[in-house]
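Before any comments, here is the structure.
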Amino acid sequence: MVAALTPLRTPSHSWFPPLQVAEKPSIALSIASALSGGRMSTRKGSTDVHEFDGMFQGSYANFKVTSAIGHVLSVDFPPAYQNWEGTDPMDLFEAPVLRSECNQRLSDTPAEPVKLPNPNVIECTGIPENEAGRRIFRARFSSVTEKDILSAMDNLVLPNKDEALSVDARQEIDLKVGVAFTRFQTRYFQGKYGNLDSRVISYGPCQTPTLGFCVQRYQQITTFKPEKFWSLKTYIIKDGDEIQLEWDRKKLFDFDVTVMFQKMVASDGTLKIADVSVKEECKTRPSGLNTVNMLKVASSALGIGPQTAMHLAERLYTQGFISYPRTESTAYPASFDFRSALAVLVHNPLWSNDVRTLLDAGFVKPRQGHDAGDHPPITPMRSATEEGLGTDAWRLYQYICQHFIGTVSPDCRYTRTAIEFTSGGETFHCVGYQVTHKGFTSIMPWLAVSENSLPAFKKGDSVSIHKVDIYEGSTTPPDYLSESELISLMEKNGIGTDASIPVHINNICERELRKKVSTDTTGTTLIRGYQCIDADLCLPDIRSFIEQQITLIAKGKADHLQVIQHVIQQFMKKYSYFVKKIENMDALFEAQFSPLADSGRLLSKCGKCGRYMKYISTQPMRLYCITCEDVYYLPQNGSIKLYKEIICPLDGFELLLFSMVGPDAKSFPLCPFCYTNPPFEGIDKLFGALKIDDTGKVGKGAGMPCSLCPHPTCKQSMITQGVCACPECSGTLILDPVSAPKCTGDKVLQLNSPFDLIASGCLKALHSPTEDGRLKIRFEFKENEQSTTQTNLVNPNE
DNA sequence: GCAAGGTC
């Protein structure tokens, strides 16, 4: 599972030290500590580099250990496929994909700084593939312990390209499937309904089945039909106490039959004690705490959601209070020092008695759990107080401590006494519990066995019946799916991982797909839609299918390209069937949402039919022409109003003025049609409308406002409004059409697009003419809460 | 604006 990589060059003349690259910083630290016996020096950087001297394959060597930070490469579509308008989602399945660096550079490499990425990491080291003496190994260990790391170093293996290829395949499949379905259904429903009020209607092989679990339970509840049932409750009086006996038949769904049994028992009048059984039973202590179990307890017992719980746990980890919080393992490594771990907790009055007893009288080893080959279970490392941590962090820490102490405490032992009675041919019973050893339940009292003592009964004796009643009850639906139950279902079905489960749950909550209220939501409608078109789309099998296919790649049983092609083809079939049958889902949306024509208010005349369009102000902001049935998307996160009733000379649409929010917000005019359908080919490349960021990725959502338009005569275009080149970027300064000048003689300018303004941090640009005909331009920038100004002198016509 | 999965 965990791997470190050791590229080593040992040609006879040049000698390079072994470099080890772990998958994440926490593991680099563990490896370096284990190999150096804690005697290493650490250089801080984007990723820390730990250095120490030691022996490698029989020679002295200066080791360097560093790490990646999670995945090295992420995957996305090329710019040409980023445009929602111009791309048929179907084409995405066969589109090329680009891999780019996620968020990291290895901070120390023998050659050049890191360029690119399991082979990924190998390429990152910058050592050419055919370099003489390049030797690359993989250290495989099953737990991050000194013993396993040392033995992994003695048993190095060659890197496995198949495993890396299977990860790449999953990325590509998830991207193509998710994005294609998401874009199609978002566009389809946003183009028809005005009150969906969500930016996207997303689909994904993890998030959708997760939502499916919630909706499935919701459906069980709403379609539940309660049924009446009846039961016999028989009472006796023993030693002055009334005792209620349970009927072995529990309940019957037929009243007349229940009455018949009641008469049989009542006419007998006595109960014979048929059996008395006394058994010693035990409730076993927990095994080590892993992430998923911690999240379940946090949600159900502490009321802390998965996302928050993970944040708290990460903070507790970085502050040294607990061990690494992301782990699947519930088994401790054989070498784990429980005594030291316990000793850390001895001074906290809350559990000092329990801990002292365990240290003095002897503790037990935790129950054997599951060893996933990653980090040990989550364990307290340092003593803490509530004041030092804050309430919620403290409650989580307290649970982690109690759980740990529980794991090394004895099992809880109790005596279970069951008495069996017969009367009129019917059998009844009562059960008593008597705890003999509290064991771990004294530190985890919520798991305690509840005691109830029974008077002494002797087999063969008889007692008279005090009364026998009929109890009428009714079956009840299950509760809404709790977060804790959802986590269990996801884990059981292989949906997400310990790291991503909180993210998926958060996604469906944030996108308002899952609500606890008992009303239909977009989420329930979506799932009902999949159910009637292609139920596979919202079932967990969709994830297991992908996982099972890419496992073939990882195990070298199938060619990665063939697997990707096969899986993509399956999804293309599903996609085209879904598109063909979307009206079945639409029938459900129609019943729940209002058509665009009934939403919003009239604003701006359509250039095609001359009638006013509807402005939909719920996100995403857009215009809808009822006559033409066309939708025009607007810039988001701001306000929009009509702009001086000016008509775009290119298409006859009425211009709008968009204003961003905030104190220094900029405004710019736009034509609703041009904005998403730029009239000039290559506009994006010519004028930098689409921002290219540091990673070379094209920014999304930036359309063409008038201030980018190269129309030669229109008063709003860049050509007529442009003043000069911007000294800060490659753009052009444009006269701001609306900002009122604050000082006489000054005019407020803005860069060629509001996106540039934000990108360069420029708040304002004021200009005033100078005597020699040039313009004095003062720029105001804001960085780290500090405002600075810069003044430039320019010739207006250059 | 879109997936999932890593980690900060």
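Chain identifiers are assigned alphabetically (A, B, ...) following the order of the sequence lines, protein sequences preceding nucleic acid strands; residue numbering begins at 1 within each chain. These numbers come from a predicted model, not from an experiment.
When heavy atoms are screened at a 4.0 angstrom cut-off, A:V75 is found touching base atoms of the nucleic acid. Within 4.0 Å of A:E314, counting heavy atoms only, lies no atom of the nucleic acid at all. Among the atoms of the strands shown, base atoms are found under 4.0 Å from some heavy atom of A:T186. Residue-level contact check: A:Q190 touches the bases, meaning some heavy atom is under 4.0 Å from a base atom. Residue A:R543 is classed as a sugar-phosphate contact, given heavy-atom separations below 4.0 Å to backbone atoms only. Among the protein residues, A:P205 comes within range of the sugar-phosphate backbone only, with heavy atoms under 4.0 Å from sugar or phosphate atoms but none that close to a base. Within 4.0 Å (heavy atoms only), A:Y203 reaches sugar-phosphate atoms of the nucleic acid but no base atom.
For A:D541, the salt bridge (Lys or Arg N to Asp or Glu O under 4.0 Å) test picks out no residue, with sequence neighbours left out.
Separating the CZ atom of A:R170 from the C1' atom of B:dG6 is a distance of 10 Å, rounded to the nearest angstrom. Separating the CD1 atom of A:I546 from the C1' atom of B:dA4 is a distance of 10 Å, rounded to the nearest angstrom. In this entry the distance linking OH of A:Y317 with P of B:dC8 reads 7 Å, nearest Å. As rounded to whole Å, 13 Å separates atom P of B:dA3 from atom CG of A:L211. Rounded to whole Å, atom C1' of B:dA4 lies 14 Å from atom CG of A:D168. Rounding to whole angstrom units, CG of residue A:L92 and C1' of B:dC2 are separated by 9 Å. Between A:E85 atom CD and B:dG1 atom P the separation is 13 Å, expressed in whole Å. In this structure, the CD atom of A:E172 is 16 Å from the C1' atom of B:dG5, given to the nearest Å.
For A:Q548, the CD atom sits in a packed shell: over 12 heavy atoms of surrounding residues, nucleotides or ligands are nearer than 6.0 Å. With a 6.0 Å radius and a threshold of 12 heavy atoms from other residues, nucleotides or ligands, A:E547 has its CD atom above the threshold.
Remark: ring of A:W84 overlaps the six-membered base ring of B:dG1 in a stacked fashion, centroids less than 5.5 Å apart, planes less than 30° apart.
Comparing A:S74 and A:R183, the nucleotide of DNA chain B nearest to each residue sits closer to the 5' end for A:R183. Taking the nucleotide of DNA chain B with the nearest heavy atom to each of A:Y324 and A:G178, the more 5' of the two is matched to A:G178.
A:Q82 has no side-chain polar atom (N or O) that falls below the 4.0 Å cut-off from OP1 or OP2 of B:dC2. Between A:T497 and B:dA4 there is no side-chain polar atom (N or O) within less than 4.0 angstrom of OP1 or OP2. Within the structure, every side-chain polar atom (N or O) of A:T182 is placed at least 4.0 Å from both OP1 and OP2 of B:dC2.
Less than 6.0 angstrom separates the ring centroid of A:F181 from the ring centroid of A:Y575.
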Check: residues 306-315 of chain A side-chain donor-acceptor pairs under 3.5 Å, at least two apart:
unit_1: A:H311; atom_1: ND1; unit_2: A:Q307; atom_2: O; d: 3.4
unit_1: A:E314; atom_1: OE2; unit_2: A:R326; atom_2: NH1; d: 2.7
unit_1: A:R315; atom_1: NH2; unit_2: A:L389; atom_2: O; d: 3.1

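Taking the six-membered ring where the residue is Trp, A:F77 and A:Y81 present tilted rings, their angle falling between 30° and 60°.
With B:dC2, B:dA3, B:dG1 as the candidates, the nucleotide lying closest to the side chain of A:Q207 is B:dA3. Checked against B:dT7, B:dA3, B:dG6, the side chain of A:R326 finds its nearest nucleotide in B:dT7. Distance from the side chain of A:H504 is smallest to B:dA4 among B:dC2, B:dG1, B:dA4.
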